[in-house]
Amino acid sequence: MAEGAAADALAESGGDGASGVSASERGVAPIKAQYRTTKEQFHGFLEAKGQEKLHRETEAADPDGNVLAEPQAKRIRLEDGKTEDGWTEHTAEPREQPQAQKRARGQNKGRPHMKPMHYDKNRLCPSLIQEPAAHCFFGDRCRFLHDVDRYLETKPADLGPCCVLFETNGRCPYGVTCRFASAHLGPKGENLVQEELLARQAGAAPSVRNSLDKALQQQLRKRQVCFQKAEQALRQLSQDPVPAAAAIPEVPVAAGAAEQNNCDTPLDPAGLGAGTPPSSPGWTCGPLTDEDVVRLRPCEKKRLDISGKLYLAPLTTCGNLPFRRICKRFGADVTCGEMAVCTNLLQGQMSEWALLKRHQCEDIFGVQLEGAFPDTMTKCAELLNRTIDVDFVDINVGCPIDLVYKKVAGWLPWFPHLHSEVLSQVAECEGWDLGVCRCTCCGRGPSLLSPQGGGCALMNRTAKFQQIVRGMNQVLDVPLTVKIRTGVQERVSLAHRLLPELRGWGAALVTLHGRSREQRYTRLADWQYIEQCAKAASPMPLFGNGDILSYEDANRAMQTGVSGIMIGRGALLKPWLFTEIKEQRHWDISSSERLDILRDFTHHGLEHWGSDTQGVEKTRRFLLEWLSFLCRYVPVGLLERLPQRINERPPYYLGRDYLETLMASQQAADWIRISEMLLGPVPPNFIFLPKHKANAYK
């Protein structure tokens, strides 16, 4: 994602009116000369066309008399009127920039984050939206509006004449708060219902599964859930001797986790899903079974046979359920939910459980867990095993971000008996920083304070890694898979040594991303090393991952001997990549077809997140995050050489029509313009910055 903002620098170097870059420039996509342009001409074309289009739309109002012009507050603003490139308004001076401008890399950690509910100031009380209207539980203390007429006075204009939820389910649960309410409101403001469609939907299986039950959520928050299988597996693992090669200094598990094992409170079986054995062996219901005593043998487990299939990688933020539905339509065989943190799942956080939801079109679906310690990971695996419907569970051992990799300071207050040992090591260095586990003067990092986190850190914590895999494998009835990188340091590969161990620990499949944590996404993935690891992993299936953007890349990857390929960023740039691989062709997709894909995404988003203001703005936010990747795609008909490579940034070019040019813009303001074509005008004071710095620059 940070392969380089080289196109920006190259374009500016050719600012004399000639074409910005030549086709032979390294790291730049080779676009035909008749389409290449300069940065100034590119933005001038978009601005001129945009003003012309705005003028036409201002003259022609919609049938209801609402003028669909852009709001004055549409322009992206940060603090003090600054735009995202560091400039203020036209009359202001630019902020200070370093002399040698660095390439934008990493995340926009300080970006302003506006929650979708922020744009809905006057929210109607949920008790009035229900049918029939219920009594408000909070009474006079309620902070929402109870006057429907007053709410309608401040409600923004409807975004369109058709409501996706009403047409799909026969009823819109958002009623008068829906941004498409005119499609299903009667003359007296009542919410209309399509009885025939609603009855048909009621008799069918739910389209989305794996929701969190309210009763279970309360038990998780009160730590009243008992994990019998996990406790048994953890006791067995603690008694087994750890091999000498895997024995490294480890930090004990947080003491606070012990409070989760409160088995004194009776457990509600309804909250744990079907098939959950009662907490006491004396109570039985139905035929007597031994499932609480005898666990499945490895040969009796459900097998995961996905060799040769196309696997959509679990993508944080962008790999949401609406996006996965788009990829399934284009031919993805296996899908996986976004990375979920096991501790948040055990606490019953709704936002984390939402990452586990599965659509009915996802026939082979798994969830990915991230954690640093065997007890939390094993308990979370047991919890998911009896509450959700998945085909496999994946362990994230490839996440490179510091938030996951470096988890050290948080556990110190839980272990007072370790303070003296920590302080004795810290006292030797004057510049010790607990936040980064290292001395800022000498760079020393003692073993006790080495990163104890999850993700890539587990590759260096072999003993804990082994206990996590073995413990989760014992409590799961579905196959367990693992996703890893080549290693932590760029020149120290660990995967080829871990793969035989993972096979013995019980992993059913391993996916290897051909980069190290230190490398992140710079340079190309090492497929020669992946080929070496495929031999070391045999007979366990190994999937390869990295830099696949065309069917030629996929064919070369399969020649390395891997069992299949996982596609991540390639699917973000062009979700029709799965169709290209299966049909072995390059698809010169038009801009109107690409806009139809985005329109389908917004429909799926409104169906998933809701059609009220909060749901519309949440859909817009995820659409904009996806557009920050889609803009890097170069249409096939514009390339001098096929195919486009994933490490090649597009130079400035004018497409075959205005929409194709607009979709190639690297500016967030133009992405917002595309979102307004699909979701209507943005709210006043709307703010958006992409998650990754390299995804938006001028």
Discussion item. Which heavy atom of Pro575 sits nearest to which heavy atom of Leu572, and what is that distance?
Written reply: CD-O, 4.5 Å
Worksheet item: Taking the six-membered ring for Trp, are Phe42 and Tyr652 ring centroids under 6.0 Å apart?
Response: yes
Practice prompt. Return the set of residues passing side-chain contact (heavy atoms from CB on, under 4.5 Å) with Gln532 (not counting sequence neighbours), or none when no residue passes.
Written response: His496, Tyr529
Worksheet item: Counting only heavy atoms not in Lys582, do more than 12 sit closer than 6.0 Å to its NZ atom?
Response: yes
Fill in: Salt bridge flag under 4.0 Å for residues Glu648 and Arg641
yes
Worksheet entry | Asn460 vs Leu494 side-chain heavy atoms within contact, under 4.5 Å | yes
Discussion item. Could you check, using the six-membered ring where one of them is a Trp, whether Trp576 and Tyr633 have ring centers closer than 6.0 angstrom?
Written reply: yes
Worksheet item: With respect to Leu542, which candidate in Thr511, Leu509, Val510 satisfies the side-chain contact (heavy atoms from CB on, under 4.5 Å) definition?
Response: Val510
Discussion item. Please determine whether a side-chain nitrogen of the Lys or Arg among Arg645 and Asp547 lies less than 4.0 Å from a carboxylate oxygen of the Asp or Glu.
Written reply: no
Scan the side chains in residues 602-611 for donor-acceptor partners under 3.5 Å anywhere in the protein, sequence neighbours excluded, and list what turns up.
residue : atom : partner : partner atom : Å
Thr602  : OG1  : Arg599  : O            : 2.6
His604  : ND1  : Arg325  : NH1          : 3.4
His604  : ND1  : Arg325  : NH2          : 3.4

Discussion item. I'd like to know if Lys483 and Glu370 make a salt bridge, using a cut-off of under 4.0 Å between side-chain N and carboxylate O.
Written reply: no
Worksheet item: Hey, does the Lys NZ or Arg CZ of Arg503 hover above the aromatic six-ring of Trp505, less than 6.0 Å from the centre and inside 45° of the axis?
Response: no
Discussion item. If we ignore hydrogens and angles and just use 3.5 Å, is the side chain of Glu617 paired with the main-chain N or O of Gln614 as donor and acceptor?
Written reply: no
Discussion item. Please determine whether a side-chain nitrogen of the Lys or Arg among Asp389 and Arg358 lies less than 4.0 Å from a carboxylate oxygen of the Asp or Glu.
Written reply: yes
Item to complete: Would you sort out whether His586 and Glu552 count as a side chain to side chain donor-acceptor pair (under 3.5 Å), showing the intermediate values?
Response: CA-CA 10 Å; His586 293 293; Glu552 290 100 332; 2.8 Å; yes
Practice prompt. Just jot down the side chain to side chain donor-acceptor pair (under 3.5 Å) partners of Glu580, sequence neighbours excluded, or say none.
Written response: Lys574
Worksheet item: So, Arg303 and Asp391, do they make that salt bridge, N to O below 4.0 Å?
Response: no
Worksheet item: With Phe543, which of Ile565, Val562, Ile306, Leu512 fulfils side-chain contact (heavy atoms from CB on, under 4.5 Å)?
Response: Ile306
